[in-house]
Structure formats: C-alpha cells, structure tokens
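Here the structure comes first, spelled out in structure tokens, and everything after it is commentary.
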Amino acid sequence: MRNQVSFKVYGEYALFTDPVTKMGGEKMTYQVPTYQALKGITESIYWKPSITYYVDEVRIVNPIQMESKGIRPMKYNDSSASDLAYYTYLKQPCYEVKVHFEFNQYRPDLKQDWNEHKHFQILKRAIKVGGRRDIFLGTRECQGYVEPVDFGESEGFYDHYGELHFGTMVHGLSYPDETGKDELAVRLWQPIMENGVIHFLRPETCELIRPLKSMQMKPFTFNEIESVDQLTEVLEGEE
Amino acid sequence: MSWLYDLYQTYEANQDLVGKPIRTSWGKEIVLLPVAHAYQNAQIEVRVTPQGEFYEAKVIPKEDAPTVIPVTIESAGRTSKPTPHGIHDGLQYVAGDFESYGGIYKKGNNSYETYMGNLREWCQSPEAHPKVQAIFTYLEKGTLISDLVEERVLLAKDHQIIPKWKKELEAEFGEKPEIFSVLAGDQFSTFVRFSVYDAEIITDEVWQDLSVIESYVQYYSQNLPEAGLDYVTGQQLPITENHPSKVRYGGDMAKIISGNDLQNFTFRGRFSDKNQVAMISYEASQKAHNALKWLVGKQGFILDGRVFLVWGKTQLAVPSPEESSMDVFANLFPEETKVVTADTTAQQFAELFQQAMRGYQKDLTRDAPIYIMILDAATPGRMGILYYRSIQHVDYFKRFEQWHQTCFWRHTYGSKNKQRYTFWGAPALRDIAEAVYGARGNETLVKNTVEQLFPCVIDGRMIPKNIVQSLLKRASNPVGMENWEWQKTLSIACAVMNKHFNFKKGERNVALDKNETDRSYLFGRMLAVADKLEEDALAANGKLGSRQTNAIRYMNAFSMHPETTWKIIQQNLIPYQSRLWGNGKKFQDILKEIGNKFEISQYNDEHLNGKYLLGYYSQKYELENKKDKTEE
C-alpha cells in the first residue's frame with residue numbers, strides 16, 4: 001500500500017480504558033488497543049493537519065496479561081482531596097502496527113502541503129528516532145517506545161493461536177475534520193484477532209456509529225504552519 | 001471477549017437455571033436471578049385467598065428471609081426517594097392504612113398510591129397473572145396493617161404502630177413479639193412478601209412461581225426506557241443508567257459500573273456527560289450482573305472482600321487456581337479422597353491427579369473458554385475489576401496441571417474430619433501467602449499476594465522474587481513459630497523453592513538426591529543430620545520435645561553464614577554423639593559422605609539459597625523413614 005509504514009510500540013504497562021469502567025473511575029483496560037489509540041500513537045510520532053492516518057493492522061506480540069494497581073488519584077477540583085481506586089493495566093504490551101496516511105480531503109485549504117514523498121520520508125525518520133512527541137499507551141502514565149520494525153518478523157505469542165474474539169469494542173472517535181460533519185461520534189465494532197493480528201476496518205466502513213455531541217472543526221490557515229522550505233531557509237540561512 | 005459480554009453469555013447459556021434455587025455445599029441458597037428481579041430480606045409473609053381475602057400472616061425466620069422480588073430500574077437502586085418494587089415491598093408501599101397507623105411518608109409522596117398505580121397497570125395489562133390480581137384485590141382494601149395487628153404479627157397501641165420494642169411494654173403485651181427479633185430497623189421498615197393460598201391446588205409461592213416471574217418480565221419489558229446503541233451487544237436496545245450493586249454479598253454497595261462524579265474528571269474531558277462515555281442495555285446489564293452475583297455466591301473465593309472467581313460458560317464449576325492439589329483432587333474425585341489420605345506415593349498421587357484432570361476435561365467441548373476474574377473495592381461505592389482473562393480450557397488445564405506438578409512437595413498439614421493426611425503437590429495460594437507473612441499477616445497483604453500468585457498458575461509465570469525471599473527467611477526461622485506452623489511453612493517453602501529453582505526437573509518426589517553437589521543443598525543436608533542426631537540423643541534420654549535442637553535454633557544464622565555456624569553446631573553435637581554410642585557413627589559417616597561432595601571452593605560462608613531447605617527436608621525425611629523401617 002502507498003505511504004505505508006510499520007513500527008513497533010511497547011512499554012511496561014498500557015491502559016486502553018474500557019469505557020464501561022471509565023464512568024465510575026475504576027478503570028480497567030481493554031485486552032487490545034483500539035484503533036483510536038494506535039492512531040493517536042502514530043500522530044505522536046509525526047503529524048500534520050493535512051494528513052490523516054489509517055491504521056491497517058496491529059499484531060499483538062506478547063501474551064495479553066493484566067495487573068492491577070491501587071491508585072490514589074487526586075480530585076481535579078480539590079487538590080487537597082484524593083480518591084482511592086483500582087486501575088487494571090495490561091502488562092508488558094508489545095505491538096506491531098501497520099499504518100498508512102492519506103491526505104485529508106476535508107482540508108482542501110491545506111492542499112499546498114500535499115506532498116506525499118516529503119511526509120513519507122519525515123514519518124520514516126520520525127519512527128527511527130522514536131517519535132516526535134511522547135508516546136503513551138492508552139493513558140498518560142503508561143509510557144511507550146517506538147521503533148521501526150519488519151511487520152510480522154519476530155516471534156509472537158499468538159502466531160498459531162487461531163481466532164480470538166473480543167466482543168463489542170470502541171473502534172474510535174470520529175472528529176469533525178475527518179468526517180466533514182459538525183459532530184463528535186463514536187464508532188464501535190467487533191474485532192477478531194487471527195493468529196495475533198487484528199485487521200482494522202476503515203472508520204467510514206464501521207456500521208455501529210453513535211453521534212455524541214456537536215463539535216466544530218478546528219480552523220487552521222496555511223500561514224500558521226511552518227513549511228519545510230521555510231525551515232530550511234532558517235536553518236541554512238544561519239550559516 | 002469483554003468481561004461484560006462473557007458474563008452475559010454465561011447467563012444465556014444457563015437460561016434453564018433461572019429462578020431455580022440451588023444450595024451451595026455450605027447450605028446457602030442461591031438463585032440465578034431473572035431479569036428485573038433482585039434479592040431482598042422479608043420479615044412478614046402475608047397469604048391471601050384467590051378471591052383476594054386475607055388468609056393468614058406470619059413472621060419469617062431469618063434463615064428463610066431472602067426473597068426474589070420483582071423490581072424496576074429505579075426501585076432496584078432506590079435510596080431515599082420512594083420508588084415502589086413490583087409486588088413485595090415495605091410497609092409504607094403496600095399498606096393502605098399506613099398513615100392512619102402513624103406512618104409518615106417521606107418527601108410528601110404517597111408511596112402506597114404510586115405502588116398501587118404500578119400494580120394496577122400490571123394487573124390490567126395482557127400479561128397479568130391471577131395470583132398477582134388476587135394480591136392486588138386484597139391490597140386495594142387498604143386494611144393490611146389492621147389485619148396484621150389483629151393477627152398479632154405487628155404490634156400497635158391505640159391504633160398507632162409501636163416503632164421499637166421496649167422493656168416497659170412487657171407488662172401490657174407480654175413477651176417480646178417475634179417481629180422485633182427479625183427486624184433491623186423499626187416496625188415501619190418491615191418488608192412484606194405475599195403469597196396466594198388456595199385450598200384446592202397447591203402451587204409455588206408467589207416469589208418462586210416461574211409463571212409470575214415470567215409475567216413480570218414480559219410486562220416490564222414494555223415499560224423500558226428508550227433504545228440506544230448497547231456497548232455490550234452492539235445492538236439497539238433499551239438503555240439503563242442504573243446498574244445493580246450487591247455483587248459480592250447482600251449488603252455490598254459497591255458497583256462495577258457507576259458514574260456520578262460530575263465535578264472531577266473521572267470521565268469528563270472529551271465527554272461532558274457520562275452517557276457519552278458508554279451506554280449499556282438494561283438486558284445486558286441485568287443478565288451480566290445476575291450471572292456474576294450467582295457465580296460469586298456459588299463458587300467465588302472471597303478473601304478480605306476480594307473475590308477470586310473462575311468459571312466456564314457451560315460447565316460452570318472449574319478447578320480454581322487458588323486451590324491446593326488436595327482440594328482440587330477432593331473436588332474432582334470425592335470418592336477417591338480416601339485413597340490419597342492413605343499411603344499413596346508421590347508418583348501415584350501425580351498420576352491420579354492427572355487422571356482426574358483428564359476425566360474432567362472430557363466433559364468440556366473443544367474450545368470452551370475458562371474465565372478468571374478478580375474483583376475488589378477500594379472505596380465502599382465502587383468496585384474495580386483487578387484481573388480478567390478468558391483462556392481456552394486446553395491451555396488453562398495445561399498450565400494448571402503444570403503448576404501442580406512443578407510447585408510440588410510433600411505436605412502433612414492438611415486435616416479433614418480431624419484426620420491428618422499427607423498429600424503431594426502444590427499448596428493452596430492462600431496457604432502460600434500466609435506462610436510468607438505468618439498467620440498474623442495483614443489480610444490486605446495476604447490477598448495481594450494471592451492475586452500476585454494467580455498469574456503464576458494461569459500464565460505459568462515465575463513466582464515473584466519477593467515471595468520466594470520472604471518465604472526462605474520465614475522458613476529459616478523455626479524459633480519464632482510453633483512446631484506445627486513451622487512444619488507447614490517448611491513444606492510450603494520447599495514447594496515454592498522447588499518451583500522457583502526448577503530443581504528436580506520433572507521428578508515428582510521428595511527423595512534425597514545423593515548425587516547433588518549444589519552447596520546449598522549439601523549444607524541443608526548437613527543441618528538435617530545434626531538435627532536428627534540431637535533428636536535421637538534426646539529421645540534416648542526421654543527428653544525429646546522438651547526443647548528445640550541446636551540445629552533448629554541456629555537455623556537462621558546457618559542460612560546466612562553456613563560455614564561459621566556449622567562450626568558451632570558441630571561443637572555442640574559432640575556430647576550428644578557420645579551419648580548415642582555406636583549409633584553416632586552412622587551420622588558421622590553421613591556427614592563425611594556429604595562433606596566429600598563439596599567442591600572445596602564452595603565450602604564457604606556465603607548465604608544459602610532456597611535449595612538448602614530442600615536438602616534439609618529430603619535428608620531429614622530419609623533419616624526418619626529409615627528409622628521406621630528398622631523398627632518394623
């Protein structure tokens with residue numbers, strides 16, 4: 001596929017919160033990352049508003065294991081008060097992710113930036129150095145690390161496992177700048193892992209969609225973005 | 001799959017058990033609750049005739065109090081706001097003469113009217129049930145309290161209910177009426193359940209009658225709120241925001257699914273309302289929670305509030321990781337228990353165990369998964385899921401068996417019907433945890449340790465180092481314990497060390513390995529010889545058991561500095577040795593033989609690791625058993 005890259009992301013813990021347990025605050029993780037979580041991780045590696053990432057596949061390398069921790073979250077509105085909760089994390093998660101990017105058709109205003117080769121090369125470089133921003137696996141306290149990888153090359157725990165179903169899960173959130181609609185919606189789906197690999201549906205083919213609330217697209221103008229050419233001028237100009 | 005969906009499916013797979021009470025092995029009655037039903041303790045039972053006339057009433061003894069009652073979404077989670085249940089309810093709802101007997105409705109709501117309104121609606125719907133209609137006809141008369149007072153079930157004075165029993169009332173009313181011994185609050189809080197008495201045909205009690213349950217479920221399903229996208233099934237179904245509590249036990253207020261913190265950012269941020277986070281259908285929530293409650297009541301292992309639960313979807317009872325080899329064995333093969341308590345060898349036990357497991361697995365379909373769940377609440381209101389896994393039963397049994405075959409030792413601490421028995425295999429996780437911290441160990445520590453050990457069984461992980469270390473320390477300190485406790489700790493420690501060091505790979509016995517050259521093992525053997533020698537000498541003087549041997553007293557120091565401590569122990573041995581005359585030489589020979597196994601450089605003062613316990617145990621076991629043989 002065009003503009004496709006693979007990377008490995010891993011960490012000590014991950015918490016892809018099951019929304020059912022999020023309302024009350026005793027967070028428990030999903031067994032596998034959501035589409036949205038992986039998209040977010042990719043965007044932390046490198047992103048521009050002109051491109052949209054599509055997560056194609058994820059490969060679960062390590063066995064799915066959970067570990068709970070007693071947590072003392074501070075109350076947001078009262079820094080003197082705290083709460084007690086049990087959070088349940090995934091232990092030693094390791095994933096291989098295959099993603100590609102497309103130009104965001106809902107941002108024709110940024111058409112000048114639609115330079116495939118440039119973005120592809122930057123993305124590859126960004127993966128090599130572990131991403132441009134902090135990577136986290138689901139929640140902020142779960143730091144993750146990114147490396148380039150040959151997808152499917154290493155040995156995985158579920159390589160010969162057959163099918164594993166996860167029931168109904170969140171696929172991701174649809175933001176206005178990816179759908180063209182002025183609303184935030186959530187997408188659900190029923191993923192199946194086959195020998196450790198989950199093939200993701202494209203967001204627009206998800207059938208279980210639930211609008212949440214109205215939301216406007218964030219406006220960007222081209223002048224707010226520093227172009228590569230400008231950057232080169234700045235860097236080279238110093239000499 | 002997701003825990004909620006797995007529980008939901010467990011409920012569906014066991015539909016035919018819904019509403020049928022079963023008794024657990026310890027005599028508790030539990031029911032897989034139907035949708036829109038809940039458990040409630042009732043204090044008074046009122047019988048009416050099919051024509052709707054009062055027949056009789058009685059106080060329900062405490063052990064018979066739990067009643068399955070129909071509820072609505074609102075009434076199941078009601079607190080101070082009055083919302084009536086389906087049929088059976090508190091006095092303020094069911095009694096039309098509540099106010100005239102001195103009752104006061106909270107918040108100016110006439111609870112009786114709302115209750116009767118709901119009941120009328122049910123009775124007029126096509127799903128109405130004749131028994132319920134009889135109850136309705138009776139309650140419409142509004143004479144419940146006066147009937148109860150007349151029957152001497154409730155106590156009233158001057159047409160006013162007496163809230164609490166007082167000693168002074170004895171003069172007027174005689175002995176304390178029964179009702180006061182079953183009530184927790186005052187008489188106004190009495191919970192009444194109804195039944196229909198028909199002289200001609202005997203039928204089930206109303207609260208056990210499956211046709212009444214069915215009638216309510218049908219009726220109520222039409223009154224459900226709007227449909228929405230259910231996050232559990234992925235279908236458009238009526239949604240609920242109220243989810244059941246009382247998961248672990250009757251009075252448990254902790255909910256797994258809740259959401260009432262609007263101030264802080266438990267869910268806010270991207271979302272402004274808890275509905276935006278997730279939606280769950282009434283059906284899925286009810287079925288999943290009811291299945292969970294039922295499983296917890298039936299087979300959950302509860303330790304200081306933490307629930308450890310293992311189940312299969314169709315074959316519900318599954319050997320739990322928590323259990324010792326003996327427990328598993330006794331549960332799978334109850335009639336064979338005797339075989340094990342007698343002189344079964346380690347090998348025999350291992351084979352029988354394996355056989356039992358195979359037999360068990362035969363009943364399972366090929367890919368029936370096994371579910372493992374751990375629940376606990378950090379605060380009274382919310383419960384967290386601390387661990388959740390679903391595993392193919394083939395994998396589960398493979399790892400399970402591996403645990404029992406590698407965390408293997410000989411244990412003599414078990415007793416059943418006051419008969420002590422010996423078993424080979426893995427100790428119960430709780431026993432391990434208690435051995436690590438001692439019997440006085442903090443309950444929280446113990447339950448955390450059991451939780452840490454769970455993955456060692458299920459995922460075949462190594463036993464955490466801190467557990468191995470503390471166990472080694474405790475087992476090396478017999479002075480701090482009673483003898484029986486130390487013996488128990490020692491054999492548990494041996495099982496753990498055996499697993500940790502993977503010492504006798506695949507070999508399932510405790511026999512002494514005379515070819516082993518590991519220094520810790522050899523030092524352990526030496527300690528056992530010294531211990532036995534002194535014991536024998538004391539026994540010869542008739543003083544056995546009067547005090548601990550030097551070997552036992554120095555054990556702790558010995559484990560830290562074996563070489564130095566050995567010198568002391570050996571010096572102390574000399575008088576005993578001479579007392580044993582010729583027999584002493586036997587021990588000398590063994591010590592010499594052990595000494596020869598040492599590589600000179602290994603004979604030093606470094607700390608001993610857990611293998612020394614294995615050496616100690618095996619050597620001691622051999623010396624003791626040899627003696628038995630000569631005596632025969």
Side-chain angles (χ1 to χ4, degrees), chain A residues 17-31 63-78 81 83-89 91 157 161-170 173 175 184-192 207-213 215, chain B residues 1-6 8-9 228-235 241 243 254-261 263-268 270-280 367 374-379 381-390 392 395 444 448 451-452 455 458-459 461:
Chain A
T17 316
D18 183 341
V20 168
T21 61
K22 189 183 164 82
M23 300 180 265
E26 304 284 307
K27 297 201 260 182
M28 190 192 73
T29 179
Y30 270 142
Q31 298 176 68
I64 299 166
Q65 296 190 359
M66 285 183 194
E67 187 178 309
S68 72
K69 287 173 180 291
I71 299 286
R72 188 169 161 243
M74 305 312 287
K75 297 227 175 199
Y76 190 83
N77 287 319
D78 181 3
D83 205 346
L84 286 176
Y86 284 119
Y87 287 2
T88 304
Y89 297 86
K91 198 172 160 66
F157 181 79
Y161 200 81
E163 278 190 4
L164 193 61
H165 295 240
F166 297 106
T168 310
M169 274 179 69
V170 166
L173 291 159
Y175 286 99
L184 174 69
V186 64
R187 306 181 302 270
L188 304 186
W189 72 313
Q190 279 144 346
I192 296 167
E207 278 164 12
L208 304 172
I209 294 176
R210 183 184 160 218
L212 294 178
K213 59 178 182 186
M215 192 185 248
Chain B
M1 282 211 223
S2 85
W3 58 278
L4 209 46
Y5 196 53
D6 288 337
Y8 172 78
Q9 287 201 318
L229 181 58
D230 176 17
Y231 276 41
V232 180
T233 57
Q235 291 163 0
E241 283 187 26
H243 301 280
K255 287 183 179 185
I256 302 182
I257 308 171
S258 63
N260 51 14
D261 186 0
Q263 269 78 51
N264 297 294
F265 280 73
T266 44
F267 61 77
R268 286 166 70 208
R270 185 155 32 223
F271 307 123
S272 47
D273 176 351
K274 70 171 174 177
N275 271 323
Q276 292 175 7
V277 184
M279 289 201 298
I280 300 155
D367 28 274
I374 304 179
L375 295 168
D376 200 357
T379 57
R382 300 182 319 234
M383 182 140 50
I385 301 161
L386 306 197
Y387 189 91
Y388 186 70
R389 284 291 298 277
S390 63
Q392 297 297 309
D395 293 323
T444 311
N448 282 337
E451 192 200 330
Q452 272 192 328
I458 300 157
D459 300 322
R461 269 204 248 165

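Quick note on labels: first sequence line is chain A, next is B, and so on, each numbered from 1.
Options D78(A), I64(A), T88(A), T17(A) differ in how many heavy-atom pairs under 4.5 Å they form with chain B, and the most are formed by T88(A). The candidate with the highest count of non-hydrogen atom pairs below 4.5 Å against chain A, out of S2(B), A377(B), A278(B), is A278(B). Annotation: maximal heavy-atom pairing with chain B below 4.5 Å, among A85(A), G162(A), G70(A), occurs at A85(A). Contact tally against chain A (heavy-atom pairs below 4.5 Å) for N448(B), D261(B), V232(B): the top residue is V232(B). When each of D376(B), D395(B), N260(B) is scored by its heavy-atom pairs under 4.5 Å with chain A, the top score falls to D376(B). Put simply, of W189(A), Y161(A), Y89(A), the one with the most heavy-atom pairs under 4.5 Å next to chain B is Y161(A). Counting heavy-atom pairs under 4.5 Å between each of D230(B), L229(B), I280(B) and chain A puts L229(B) at the top. Of the listed residues (W3(B), Y5(B), Y231(B)), the one with the most heavy-atom contacts under 4.5 Å to chain A is Y231(B). When K213(A), Q31(A), K91(A) are compared by the number of non-hydrogen pairs under 4.5 Å with chain B, K213(A) comes out ahead. When the candidates N275(B), I256(B), L4(B) are compared by the number of heavy-atom contacts under 4.5 Å with chain A, N275(B) comes out ahead. Each of L164(A), L173(A), L184(A) has some count of heavy-atom pairs under 4.5 Å with chain B, and the biggest count is that of L173(A). Each of D18(A), T29(A), V186(A), D83(A) has some count of heavy-atom pairs under 4.5 Å with chain B, and the biggest count is that of D83(A).
For L188(A), the part lying near chain B is the side chain, with the backbone staying farther off; criterion is any non-hydrogen pair under 4.5 Å. Only the backbone of T233(B) has a heavy atom closer than 4.5 Å to any heavy atom of chain A. For E451(B), the part lying near chain A is the side chain, with the backbone staying farther off; criterion is any non-hydrogen pair under 4.5 Å. No part of E207(A) comes within reach of chain B, as not one of its non-hydrogen atoms sits under 4.5 angstrom from that chain. Of the two parts of M279(B), the backbone and the side chain both hold a non-hydrogen atom closer than 4.5 Å to a non-hydrogen atom of chain A.
In this structure the side chain of Y76(A) never reaches within 4.5 angstrom of the side chain of R268(B), judged on heavy atoms. Put simply, the side chain of S68(A) does not reach to within 4.5 Å of the side chain of I374(B), judged on heavy atoms. Taking the side chain as every heavy atom from C-beta outward, R270(B) and Y175(A) approach each other to under 4.5 Å. Side-chain contact between D6(B) and S390(B): present, with at least one pair of heavy atoms (C-beta onward) separated by less than 4.5 Å. Residues E26(A) and T21(A) have side chains not in contact (no heavy-atom distance under 4.5 Å, counting atoms from C-beta outward). Using a 4.5 Å cut-off on side-chain heavy atoms (C-beta onward), F271(B) and L212(A) make contact.
Around the CZ atom of F157(A), the shell of radius 6.0 Å holds more than 12 heavy atoms that belong to other residues, nucleotides or ligands.
Under a 3.5 Å cut-off, the side chain of N77(A) and the backbone N or O of Q263(B) do form a donor-acceptor pair. With hydrogens and angles ignored, the 3.5 Å screen pairs no side-chain donor or acceptor of R382(B) with any backbone N or O of Y86(A). In this structure, K255(B) contributes its side chain and H243(B) its backbone to a donor-acceptor pair below 3.5 Å.
With Y87(A) as the aromatic partner, K69(A) does not meet the cation-pi criteria of under 6.0 angstrom to the ring centre and within 45 degrees of the ring axis.
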